[in-house]
Undergrad: 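First the structure, then my questions, so here it is.
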Amino acid sequence: MRGEDEIKSRVVGVDISINNTTYAIVDIRGNIIAEDNFPTSDYSNISDFVTKLSESILQQMEENGGYETIRSIGVSCPSASFLTGSIVNAPNLPWKGNIPLAAMLRDRLGLAVGIANDAHVSAMGEYAYGSAHGMKNFIVISLGVGLGSCFYSEGHEHQGFGGYAGEFGHTCVHEFGRKCACGKEGCLEAYCAANGIVQTAQELLAATDAPSLLRDQERLSPRIIASCCSQGDAIALEVYRKMGSTLGLGLANYASLLSPQAIILTGGISHAAEWFLDSLLESFERNVFQTIRDKVLILVSKLNDHEREVLGASALAWEIPEYSLFR
Ligand SMILES: [Zn+2]
């Protein structure tokens, strides 16, 4: 039996992203005590990656209160399943096939490890520390390289059979439309995530000879297109107007099915909301079922992207049962 003073008051939150892996010690109130990161892409072999991450976490624990203060570890990673603890065929990560990451880390660290995909972890971050605090039914959308989503129903995230629920980005918005990275045609992601936004810009530029700041750019990205919007460029503004309109249609279908209290937009592209939110809201209200119209809050997250993932991963760490080899 453990005494009061032995209750562990900290967890480790890990965010594995395509470019960087961030790991942080977070206390029970959501304060980030220590945080560091290393480039994910330097470790193309999964076993080298697990070694690097385990050693880094152990060192961080040692420098910040010790191993014995840490209860458990939560990990956010694209294409991960909470139910299996594995990453499966992540299209944007260097490791292919089925990677049982939770078990690998648990064996190295001797602590319980929970892993979930980045969209689910984002939603947990919003629920524990962000815009969804106190809500029971809400949807979190992440807009970036991909388009992810997670929904909470009655205070619990919906995992679905096998843990793969929420692939909103791969719902069809145009039959026989653009080819998507997933192999299908007409997916929402092919219009409203990074590559889709750039493709819309290229199509609009090709269809006219009108001058545009976009023509002077070495390469196009959602961020560059947004900066051209702020300079009043008509084609750049049209790119985000179209994106918002398509996303609004998709969200109207989503909301008509689930009747959420709020939809929270997160991710790098959500920072361009001032350029797409009007057309999104117009399309959303036009397409959503009448009983739901005017009842759904559409919000842009107030947490910064980086903070949300680490805090969400820490919230995940609190949800899993403790584990120790020595008890
Ligand atoms: Zn797709």
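What you see is a predicted model, and the numbers here were worked out from it, not measured in a lab.
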Undergrad: May I ask whether L188 and L249 are part of the same hydrophobic cluster, defined by side-chain heavy atoms of I, L, V, M, F, W, Y residues being less than 4.5 angstrom apart, directly or through others?
TA: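 No.
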
Undergrad: When you check the side-chain N and O atoms of T51 and R108, is any donor under 3.5 Å from an acceptor?
TA: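 Yes.
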
Undergrad: What is the minimum heavy-atom distance between S44 and P94, and which atoms define it?
TA: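 S44 and P94 have their closest heavy atoms at CA-CB, 4.0 Å.
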
Undergrad: Would a hydrophobic clustering, with Ile, Leu, Val, Met, Phe, Trp and Tyr connected at side-chain separations under 4.5 Å, put I263 with L257?
TA: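 Yes; tracing contacts between hydrophobic side chains, which count when under 4.5 Å, links both residues.
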
Undergrad: Check whether any side-chain N or O of K295 sits under 3.5 Å from a backbone N or O of T291 as a donor-acceptor pair, and report yes or no.
TA: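 Checked: pair present.
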
Undergrad: Is it true that R241 and T246 share a donor-acceptor pair across their side chains at a distance under 3.5 Å?
TA: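 No - no donor-acceptor pair under 3.5 Å links their side chains.
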
Undergrad: Looking at S149 and G166, would you say the former's side chain and the latter's main chain have a donor-acceptor pair under 3.5 Å?
TA: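 Looks like yes, one N/O pair under 3.5 Å.
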
Undergrad: Check for a donor-acceptor pair, side chain of E126 on one end and backbone N or O of S131 on the other, with a separation under 3.5 Å.
TA: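 Such a contact is found between E126 side chain and S131 backbone.
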
Undergrad: Going from CD on E307 to CG on D15, what distance comes out if it is rounded to the nearest 0.5 angstrom?
TA: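 Rounded to the nearest 0.5 Å, the CD-CG separation comes to 12.5 Å.
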
Undergrad: Please evaluate residues N98 and S86 with respect to the criterion side-chain hydrogen bond (donor to acceptor under 3.5 Å, both in side chains), reporting the C-alpha separation (whole Å), side-chain torsions for both, the decisive distance (0.1 Å), and the verdict.
TA: CA-CA 6 Å; N98 189 336; S86 298; 3.3 Å; yes

Undergrad: Do V310 and V26 touch side chain to side chain, with heavy atoms closer than 4.5 Å?
TA: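 Yes - at least one pair of side-chain heavy atoms lies under 4.5 Å apart.
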
Undergrad: Hey, does V140 have a side-chain heavy atom less than 4.5 Å from the side chain of M124?
TA: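 A side-chain contact under 4.5 Å is absent here.
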
Undergrad: Just wondering, are more than 12 heavy atoms of other shown residues or ligands nearer than 6.0 Å to NZ in K96?
TA: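 Enclosed: over 12 neighbouring heavy atoms sit under 6.0 Å from NZ of K96.
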
Undergrad: Hydrophobic cluster membership, with links at side-chain heavy-atom distances under 4.5 Å among I/L/V/M/F/W/Y: are I87 and L53 in one?
TA: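 Yes; tracing contacts between hydrophobic side chains, which count when under 4.5 Å, links both residues.
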
Undergrad: For the NZ atom on K136, are there more than 12 heavy atoms of other groups (residues, nucleotides or ligands in this structure) within a distance under 6.0 Å?
TA: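 For K136, atom NZ is not crowded (no more than 12 foreign heavy atoms under 6.0 Å).
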
Undergrad: Donor-acceptor check, side chain of S283 to backbone of S245, threshold 3.5 angstrom: yes or no?
TA: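 Flag set: sc S283 to bb S245 pair under 3.5 Å.
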
Undergrad: Tell me, with the steps shown, if T200 and Y240 meet side-chain contact (heavy atoms from CB on, under 4.5 Å).
TA: CA-CA 9 Å; T200 302; Y240 273 109; over 6 Å; no

Undergrad: Consider only side-chain heavy atoms of I, L, V, M, F, W and Y, link residues closer than 4.5 Å, and tell whether V12 and I320 are in one cluster.
TA: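 In one cluster: no.
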
Undergrad: Can you find a pair of side-chain heavy atoms, one from F82 and one from I115, that are under 4.5 Å apart?
TA: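 No - every pair of side-chain heavy atoms lies 4.5 Å or more apart.
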
Undergrad: Step through it carefully: locate the ring centre of Y191, locate the ring centre of H174, and say whether they are under 6.0 Å apart.
TA: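 Distance test on ring centres: under 6.0 Å, yes.
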
Undergrad: Test T40 against T21 for side-chain hydrogen bond (donor to acceptor under 3.5 Å, both in side chains), laying out the working first.
TA: CA-CA 5 Å; T40 311; T21 293; 2.8 Å; yes

Undergrad: Given S17 and N19, is the side-chain hydrogen bond (donor to acceptor under 3.5 Å, both in side chains) satisfied, shown in steps?
TA: CA-CA 5 Å; S17 298; N19 298 319; over 6 Å; no

Undergrad: Between V288 and S256, what is the shortest heavy-atom contact and its length?
TA: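 Closest approach of V288 to S256: CG2-OG, 3.6 Å.
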
Undergrad: State which residue, out of R215, Q199, Q202, fulfils the side-chain contact (heavy atoms from CB on, under 4.5 Å) condition with L220.
TA: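 The single option meeting the side-chain contact (heavy atoms from CB on, under 4.5 Å) with L220 is Q202.
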
Undergrad: Any idea which heavy atoms bring K179 and A190 closest together, and the distance?
TA: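 Smallest interatomic distance, heavy atoms only, reads O-CB, 4.1 Å.
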
Undergrad: Any heavy-atom pair between the side chains of F151 and P260 that's under 4.5 Å?
TA: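 No - every pair of side-chain heavy atoms lies 4.5 Å or more apart.
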
Undergrad: Hey, does the side chain of R178 reach the backbone of G196 with a donor-acceptor pair shorter than 3.5 angstrom?
TA: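 Side chain of R178 to backbone of G196, a donor-acceptor pair under 3.5 Å: yes, one is there.
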
Undergrad: Could you please spell out the steps behind the side-chain hydrogen bond (donor to acceptor under 3.5 Å, both in side chains) verdict for Q60 and D36?
TA: CA-CA 8 Å; Q60 189 178 56; D36 214 336; 5.8 Å; no

Undergrad: So does D233 have more than 12 non-hydrogen atoms from other groups sitting under 6.0 Å from CG?
TA: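 Yes, because the 6.0 Å sphere around CG of D233 holds more than 12 heavy atoms from other groups.
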
Undergrad: Could you tell me if R106 sits above the aromatic ring of Y323, with its cationic atom closer than 6.0 Å to the ring centre and no more than 45 degrees from the axis?
TA: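 The answer is yes; both the distance and angle limits are met.
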
Undergrad: If we only count heavy atoms from C-beta on, is the S153 to L258 side-chain gap below 4.5 Å?
TA: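 No, side chains not in contact.
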
Undergrad: Side chains of N253 and N287: does their closest heavy-atom pair fall under 4.5 Å?
TA: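 No, every pair of side-chain atoms sits at 4.5 Å or beyond.
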
Undergrad: Heavy-atom count check: over 12 atoms from other residues, nucleotides or ligands less than 6.0 Å from R223 CZ?
TA: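 Count not over threshold, so no.
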
Undergrad: Would you say that L251 contacts F168 through its side chain, given a criterion of any heavy-atom pair below 4.5 Å between the two side chains?
TA: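 Of all side-chain heavy-atom pairs linking F168 with L251, at least one is under 4.5 Å.
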
Undergrad: Let me confirm one number: the OG-CD1 distance from S54 to I57, rounded to the nearest 0.5 Å.
TA: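 The distance works out to 6.5 Å.
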
Undergrad: Any chance the side chains of E309 and T22 put a donor and an acceptor closer than 3.5 Å?
TA: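 On atom types as modelled, these side chains do not qualify, holding no pair under 3.5 Å.
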
Undergrad: Using a cut-off of 6.0 Å, state whether more than 12 heavy atoms not belonging to Q231 lie near its atom CD.
TA: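 Yes.
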
Undergrad: Hey, is the main chain of A317 close enough, under 3.5 Å, to the side chain of R71 for a donor-acceptor pair?
TA: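 Flag set: sc R71 to bb A317 pair under 3.5 Å.
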
Undergrad: Go through the steps to decide whether K8 and I70 satisfy the test side-chain contact (heavy atoms from CB on, under 4.5 Å), and finish with yes or no.
TA: CA-CA 6 Å; K8 299 182 175 192; I70 305 295; 6.0 Å; no

Undergrad: First locate atom SG of C77, then atom CD1 of I99, and finally report the distance between them rounded to the nearest 0.5 Å.
TA: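 Rounded to the nearest 0.5 Å, the SG-CD1 separation comes to 9.5 Å.
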
Undergrad: Following the transitive rule for hydrophobic clusters with a side-chain heavy-atom cut-off under 4.5 Å over Ile, Leu, Val, Met, Phe, Trp and Tyr, establish whether V300 and Y129 coincide in one cluster.
TA: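 No, V300 does not connect to Y129 through the hydrophobic network.
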
Undergrad: Tell me whether S301 contacts the main-chain N or O of L303 through its side chain, where contact means a donor paired with an acceptor under 3.5 Å.
TA: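 The answer is yes, because a donor-acceptor pair under 3.5 Å joins these two groups.
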
Undergrad: Report, as yes or no, whether the 6.0 Å neighbourhood of atom CG on D216 holds more than 12 heavy atoms from other residues, nucleotides or ligands.
TA: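 Counting other residues, nucleotides and ligands, CG of D216 exceeds 12 neighbours.
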
Undergrad: If I compare all heavy atoms of A255 with all of V296, which pair ends up nearest, and what's the gap?
TA: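 Answer, listing the atom of A255 first, then V296: CB-CG2, 4.5 Å.
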
Undergrad: Measure the acute angle between the ring planes of F38 and Y43, then classify it against the limits of 30° and 60° as parallel, tilted or perpendicular.
TA: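 Taking Y43 first and then F38, their aromatic rings stand perpendicular (interplane angle over 60°).
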
Undergrad: Taking all non-hydrogen atoms of both residues, which atom of C150 and which atom of A119 are closest, and how far apart?
TA: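 Answer, listing the atom of C150 first, then A119: CB-O, 3.5 Å.
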
Undergrad: Looking at CD1 of I16 and CG of L101, how far apart are the two atoms once the value is rounded to the nearest 0.5 Å?
TA: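 Those atoms lie 5.0 Å apart.
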
Undergrad: If I compare all heavy atoms of R10 with all of N64, which pair ends up nearest, and what's the gap?
TA: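 Residues R10 and N64, closest heavy atoms: NH1-O, 2.7 Å.
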
Undergrad: What is the distance from atom CD of Q59 to atom CD of E55, rounded to the nearest 0.5 Å?
TA: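 Reported to 0.5 Å precision, the distance equals 9.0 Å.
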
Undergrad: Counting only N and O atoms by type, is there a donor-acceptor contact under 3.5 Å from the side chain of E285 to the main-chain atoms of D294?
TA: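 Yes, E285 side chain to D294 backbone: donor-acceptor pair under 3.5 Å.
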
Undergrad: State the CD1-CG distance between I25 and N31, to the nearest 0.5 angstrom.
TA: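 Separation between the atoms: 13.0 Å.
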
Undergrad: Test your reading of the model: is there a side-chain donor-acceptor pair from E189 to the backbone of L147, 3.5 Å cut-off?
TA: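 Side chain of E189 to backbone of L147: a pair is present.
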
Undergrad: Which label fits F138 and Y152: parallel for a plane angle under 30°, tilted from 30 to 60°, or perpendicular past 60°?
TA: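 Correct class here is parallel.
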
Undergrad: Would you find a donor on one side and an acceptor on the other, under 3.5 Å apart, between the side chain of N117 and the backbone of S81?
TA: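 Flag not set: sc N117 to bb S81 has no pair under 3.5 Å.
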
Undergrad: Give a yes or no on this: more than 12 heavy atoms of other residues, nucleotides or ligands lie within 6.0 Å of atom CG of D278.
TA: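 Open: at most 12 neighbouring heavy atoms sit under 6.0 Å from CG of D278.
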
Undergrad: Run the side-chain contact (heavy atoms from CB on, under 4.5 Å) test on F276 and L143 for me, step by step, so that the C-alpha distance in whole Å, both residues' side-chain angles and the decisive distance to 0.1 Å come before the verdict.
TA: CA-CA 12 Å; F276 66 75; L143 299 166; 4.0 Å; yes

Undergrad: Before giving the answer on side-chain contact (heavy atoms from CB on, under 4.5 Å), spell out for I264 and I141 the whole-Å C-alpha distance, their side-chain angles and the decisive distance to 0.1 Å.
TA: CA-CA 6 Å; I264 298 155; I141 304 289; over 6 Å; no

